[in-house]
Amino acid sequence: MHTDYSYISVAVPLPVFGTYTYAVPEPLQPLIEKGKRVLVPFGNRKVSGYVMGPADSSEIPGIKPVEDILDAKPLFPEEMLPFFQWIAEYYVHPVGEVISEALPGGINLGEYLTLTRTEAGQKAATADSADDTDREVLNIIGNQSLRIKEIENHLGRNVSQAALQRMENQGWLKRRREIRGGRTRPKTERYVAAKTDRPDTASLSEAKKEILESIQSAGKISAQSLNQLAPNASRHIKALQDKGFVQIYEKPVYRDPFGDTVTPDTPPALTLDQQHVLSDVCREIGNGFAAFLLAGVTGSGKTEVYMQAAANALNLGFSALILVPEIALISEIERRFRARFGECIAVLHSGLSTGERYDQWMRIVNRESPIAIGARSAIFAPFSDLGLIIVDEEHDASYKQESRCRYNARDLAVVRAKQSNAVVLLGSATPSIQSIYNVASRKFREVNLKHRIYRQPPPDIQLIDLREHQGTRGIRRIITTPMITAIKDTLAREEQVLLFLNRRGFASFPVCAACGEAVKCKNCDITLTLHKGINAYKCHLCGYTRASVAKCDICGASSIKQLGLGTEKIEEMVKNLFPDARVARMDRDTTKRKGTLVKILKDLRDRNIDILVGTQMVAKGHDFPNITLVGIICADLSLNFPDFRAGETTFQILAQVAGRAGRGTQPGTVLLQTYNPDHFSITAARHQDFISFYKEEIKFRKIFNYPPYARMIQLKISGKNLDQTKKHAAAVGEACQKLKQAAPAFQNTIQVFGPIEAPLSRVANRYRWQILLKSTYTKPLHEFIRALIFEYGVSLNHKDARVAIDVDPMLMM
Ligand code: ADP
Ligand code: ZN
């Protein structure tokens, strides 16, 4: 049956809830498909929206028509619409914005203003009646039509609206609203094909004959390759086409995001443990929804299981999606998958250029890639036939997006698998409390890999009580004597050392010894961190940077002490202690430039590095067989954060870092320096024992009614003015209380906490307040939020303050 598309519902990527109905002019109707973009009038603008499906409400008066259809093919399969709708509902986010979040950047249309010069303007450009700026602007525009920003770029300064208005009034300028397509188009390459009917070649020159023969023997060939065969070919092919011998055409090509080549591998024979896990998982592929938690110690061969499970899904004719926490890890996993599966892999992450992302996306849409690997946003990969979704390191906080639509890709993987009747496999050595709880409540099935691949013993973890070294002076208070001895011994055996401290920079607490005042960020409520390499203070929240100063801003004394540790300081200390060792550092500062991270990893693998100092970046998933000593400089940094997950995060990161030791044939040692040797997060990490950690932690969650026992939505209220932000937060808080009192259904189900000032009370010049909503179930929370917005008219984009809705919040600060 043919769908009637005389009216359609359209989602627009604007902060408005719901979809809108538009009429489709007769000639466009056959071209309408779900997942295509249409150009529609919205208010007094034009925007590109997404076709969600047919609409029947022809009754609405003044319904506006669709102006154009922007895509020849849908940008995503229609099977994804329910997924987008689910996200919009659950995260209380406009569905149009959810879709534009999902799509690769660079394809959305924008409306913008351009300026052109009139004939009078051309005269004025050289006339005395215009002032200097007028003349400059008119000359820059010339005969083009330019955006204000382009004019300002040329001019090197801003142009006031008043000046533009004046010039328009003089009749020198015209303003026009224009629509511009996204920047990203398929990239094409020129090809030449021989025609099969062969006219007589007698009239051709020798050169042309030769070229024609090359084309004929290839059948079709890219202009570039042809030029390599016959250097002057490009000069002749146009003539050959005109004479009817060949045809020239453009063929879309994909930009290759991969760097070097990878040698193919063959799957190893699985261990018995791996076989059990694989057969449990694969039995379910193609048989509807199933969710597994794979708890497997570090180095137990999880990645191998992922690859064979994906191969299995592909054999059954399904696609497979693999999510990895961060770009840093993608390179490693990507390398291993490419060695196994070759070029059919699509990769999606923010490290790609807009064009590359678009190409990878279209390969999936066009069913050329049955496997995609990517970070958080790859959960939106446009597959229509998913059989398997894998989430590696499922406990990782980077699956949560902390801006715009605050989704959690780990949780969405379960939702998408359910909607696609697929299998989802969440893997980790340190599973999240939430996922273990889901096993306990039978939502997930647990599968285990309890041993390392060659049954290497787990690393021996020894605690060093930092309280006992407080009296020591200098370096040895920070890198203690037993730690120094262990490093020395490891280097003597020509093995590698990893030193971990989860804070970058040189000194995180620069403070004036005379007046006691700390050096603070001018935009945020935190101290700046000294970065010695660039000789500057940096804010780790907003990026504000200032040159390092010798004098205190407050009292003027030249006595700033660089207290507080960072990886940069540890690196310097280690270099002093071991002048002959090759020391490198891996953190966000040293890996900013493209390729630098891969270089460090490669140097480590090739043993060009003896000691690697790093932040949590080193903790993640890497497999370095020659690292036999891991030193944790201070295990307690994250333990005292005002966040109910502080213990969980600390346990996970320590267990993960410790897991980097002894992955090869030599046994590994971990030295863990701490002020809290008896804290259960630390004692459990010592044995990578997520079960005993869970048993302790879950008691605390229950007593204080935190997730997984409670569901939470946090309202994050922020604004530029302290008083107005506070006032708006109070108003939202009052609305919450009123709503709760008014509806008996909410009285017993919803708890409202706050408004309170956020622990980070100011970030990037915005003052921050919070309201926390808690309930045993999600449904009343969602109903509460909707009532707040739609019945109580609580504005999310108030002139004084923004309210961000954070469902299942991770960052509580
Ligand atoms: P995990 O992902 O659990 O940390 P990996 O999959 O990286 O573990 O496996 C650790 C190491 O063991 C890797 O070098 C991997 O190539 C190797 N490995 C995994 N499975 C096998 C197997 N069945 N036989 C031999 N080596 C294996
Ligand atoms: Zn700042």
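Numbers here simply count residues along the sequence, with the first being 1. In listed order, ligands and their atoms are each counted from 1. Computed from heavy atoms alone, side chains included, the values below leave out hydrogens, waters and symmetry copies.
A salt bridge does not link Lys726 to Glu757: none of the charged side-chain nitrogens sits closer than 4.0 Å to a carboxylate oxygen. A salt bridge links Lys520 with Asp525: at least one charged nitrogen is closer than 4.0 Å to a carboxylate oxygen. Salt bridge present: Glu394 and Arg410 bring a charged side-chain N and a carboxylate O closer than 4.0 Å. In this structure, Lys450 does not pair ionically with Asp273, as no charged nitrogen and carboxylate oxygen lie closer than 4.0 Å. Between Arg338 and Glu343 there is a salt bridge, since at least one side-chain N of the basic residue sits less than 4.0 Å from a carboxylate O of the acidic one. Salt bridge Asp603/Arg605: absent, no basic N to carboxylate O contact under 4.0 Å.
For the residue pair Gln308 / Glu304, a side-chain donor-acceptor distance below 3.5 Å is found, with atom types taken as modelled.
The shell of residues lying under 4.0 angstrom from ligand 1, judged by heavy atoms, excludes Tyr306. Residue contacts with ligand 1 include Ser300, since one or more of its heavy atoms lies under 4.0 Å from the ligand. By the 4.0 Å heavy-atom criterion, Arg336 is counted among the residues contacting ligand 1.
Between Ala269, Gly659, Gly301, it is Ala269 that holds the heavy atom closest to atom 22 (C) of ligand 1. When the heavy-atom distances from atom 10 (C) of ligand 1 to Gly299, Pro625, Pro268 are ranked, the shortest goes to Gly299. Nearest to atom 27 (C) of ligand 1 by heavy atom, out of Ile453, Leu449, Ile333, is Ile453.
Within ligand 1, the atoms closer than 4.0 Å to a non-hydrogen atom of Glu304 are 6 (O), 19 (C), 20 (N), numbered from 1 in the order shown. Less than 4.0 angstrom separates some heavy atom of Tyr454 from each of these atoms of ligand 1: 25 (C), 26 (N). Listed by number with element, the atoms of ligand 1 under 4.0 Å from a non-hydrogen atom of Leu270 are 23 (N).
Only protein N, O or S atoms were considered, and those under 2.8 Å from the Zn ion (ligand 2) are Cys521 SG, Cys524 SG, Cys539 SG, Cys542 SG.
Neither the backbone nor the side chain of Arg452 comes within contact range of ligand 1; no heavy atom lies under 4.0 Å.
On a distance-only criterion, Thr303 and ligand 1 share at least one N/O pair closer than 3.5 Å.
By the 4.5 Å heavy-atom criterion applied to side chains, Tyr767 and Ser718 are not counted as neighbours.
With rounding to the nearest 0.5 angstrom, the CZ atom of Phe341 is 12.5 Å from the OG atom of Ser369.
Checked by atom type and distance alone, the side chain of His798 pairs as donor or acceptor with a backbone atom of Asp800 at under 3.5 Å.
Separation of the Phe690 and Tyr694 ring centroids does not fall under the 6.0 Å cut-off.
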